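What you see is a predicted model, and the numbers here were worked out from it, not measured in a lab. Ligands are counted one by one from 1 in listed order, and the atoms in each one are counted from 1 as well.
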Amino acid sequence: MPLSPKNFQGDPSLEAILTRELGRQRDKLEMIASENFVSEYILRIAASVFTNKYAEGYPNCRYYGGCEYADELELLAQSRARKLFNAEHANVQSHCGSSANMAAYFALVAPGDPILGMDMAHGGHLTHGASVSFAGRIFKPHFYGVRADTEIIDYDEVLRLAEEIKPKLIVAGASSYPRVIDFAKFRLAADRVGAALVVDMAHFAGLVATGLYPSPVPYADIVTSTTHKTLRGPRGGLILSKKSFAKAVDDQVFPGIQGGPLMHIIAAKCAALGEALEPDFIDYQRQVLKNCARLATRMADAGYRLVSGGTDTHLILVDLRPKNMTGRQAEEALDKAGITANKNSIPFDKERYTVTSGLRLGSAALTTRGLAESDFDEVADFIVSALQNLDNDAFLKKIRERVKTFTQKFPLYPNLDF
Ligand SMILES: *Cc1c(COP(=O)(O)O)cnc(C)c1O
């Protein structure tokens with residue numbers, strides 16, 4: 001059977017879905033803090049012929065033939081990751097952030113061991129010990145959180161819990177924590193009780209890469225990340241470690257957890273790491289921070305309470321309780337207005353995970369589209385007027401039209417059909 005059948009006309013029902021998704025990305029405002037838009041070049045690389053290649057193992061030690069170029073590719077990606085983050089070792093094979101965490105934990109601790117991670121309602125990720133995650137099922141999870149008064153991580157509690165629980169592993173890092181994390185304090189707590197320290201920088205890796213957020217690399221035994229959030233690469237995972245953990249990490253990724261690596265995605269990660277090493281990546285990340293700071297100011301000016309009072313990062317967390325709104329209501333109203341964001345639990349939230357009292361908003365994706373601070377003023381206006389008219393579908397529809405017109409100023413993938 002030939003590769004492209006003679007009269008092949010494409011797959012219209014499939015392409016229609018892809019076209020609709022491109023349309024959605026183009027004419028809505030993407031404010032999910034964990035999302036971004038890759039460059040057209042990275043998209044192209046992610047679709048390369050490396051999708052055809054099996055390369056189980058690591059460079060120069062594969063279980064398949066024909067891996068000479070896969071080896072070159074993976075070595076290049078590894079060296080870029082080490083350089084970008086000043087790390088001793090890099091593993092670029094993890095399919096996602098969650099499997100990167102799984103490999104990191106498996107490299108350091110055994111089933112049944114106590115671990116100490118951040119409470120999900122306070123900003124932690126599922127894989128930091130939630131009962132529905134492998135992390136909560138395989139290990140014995142304990143949680144720290146933020147202080148009720150400042151909504152900053154309670155470092156005294158981290159130390160107190162560490163001494164009480166004697167965890168084998170402490171996990172720092174978060175998905176909805178708007179502030180800088182003090183990694184030195186986590187290292188101190190880990191050293192006090194002989195625990196290993198994993199820092200999960202999935203959200204803020206792009207900021208770390210450009211020196212706009214403190215690097216966890218000097219403090220953590222293993223650093224895990226996604227490549228698709230602020231780092232602006234393809235959907236995937238990344239693990240950095242001290243040399244002494246290199247073999248344990250590699251063995252846990254393959255054969256511990258995964259089979260063949262996604263070489264086409266490793267190629268796209270390599271391209272993304274290359275982009276991140278370019279000088280203008282720092283301009284991008286600086287703008288991400290400026291835009292988020294402006295959004296925070298505008299939301300606060302409009303009377304919205306921000307968890308921790310503001311942000312140091314690419315995201316803010318809005319407390320909707322004073323406005324008598326739930327996160328679910330806010331998410332739905334914003335969606336009708338053409339703004340994509342997510343409801344999010346806030347510290348000490350009394351609502352369920354499916355409802356929540358918070359709204360998480362991020363600036364990374366819209367900054368990639370070219371929005372600057374003054375554009376974020378307009379975005380904040382859209383958000384505030386949508387939230388003030390939660391139940392008015394006709395009004396939300398009018399905002400939707402204005403949003404659509406607004407997005408046309410910031411073309412997304414103008415040369416692509418899907
Ligand atoms: C997004 C995220 C992950 C998981 O990434 P996936 O690629 O979705 O598995 C892990 N940890 C943190 C802190 C995250 O924010």
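Looking only at side-chain heavy atoms (C-beta outward), Thr356 and Ile346 stay at 4.5 Å or farther from each other.
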Under 3.5 Å donor-acceptor pairs involving side-chain atoms of residues 163-171, not counting sequence neighbours:
residue	atom	partner	partner atom	Å
Glu163	OE2	Arg192	NH1	3.1
Lys166	NZ	Glu163	O	2.6

Which atom pairs, one a donor and one an acceptor, fall under 3.5 Å between side chains of residues 409-418 and the rest of the protein, sequence neighbours left out?
residue	atom	partner	partner atom	Å
Tyr413	OH	Val38	N	3.4
Tyr413	OH	Val38	O	2.7
Asn415	ND2	Glu40	OE2	3.4

Atom pairs and distances, side-chain donor-acceptor, residues 195-202, under 3.5 Å, sequence neighbours left out:
residue	atom	partner	partner atom	Å
Asp200	OD1	Ala202	N	3.1
Asp200	OD2	Asn101	ND2	2.9
Asp200	OD2	His128	NE2	2.8

For Asn344 and Ser176, run side-chain hydrogen bond (donor to acceptor under 3.5 Å, both in side chains): C-alpha distance rounded to whole Å, both residues' side-chain angles, the deciding distance at 0.1 Å, then the answer. CA-CA 8 Å; Asn344 212 107; Ser176 55; 3.3 Å; yes

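Ring orientation note: the planes of Phe348 and His122 are nearly perpendicular, at an angle over 60° on the 30°/60° scale.
Listed by chain and number, Cys96, Gly97, Ser98, Asn101, His125, Ala174, Ser175, Asp200, Ala202, His203, Thr226, His228, Lys229 each place a non-hydrogen atom less than 4.0 angstrom from ligand 1.
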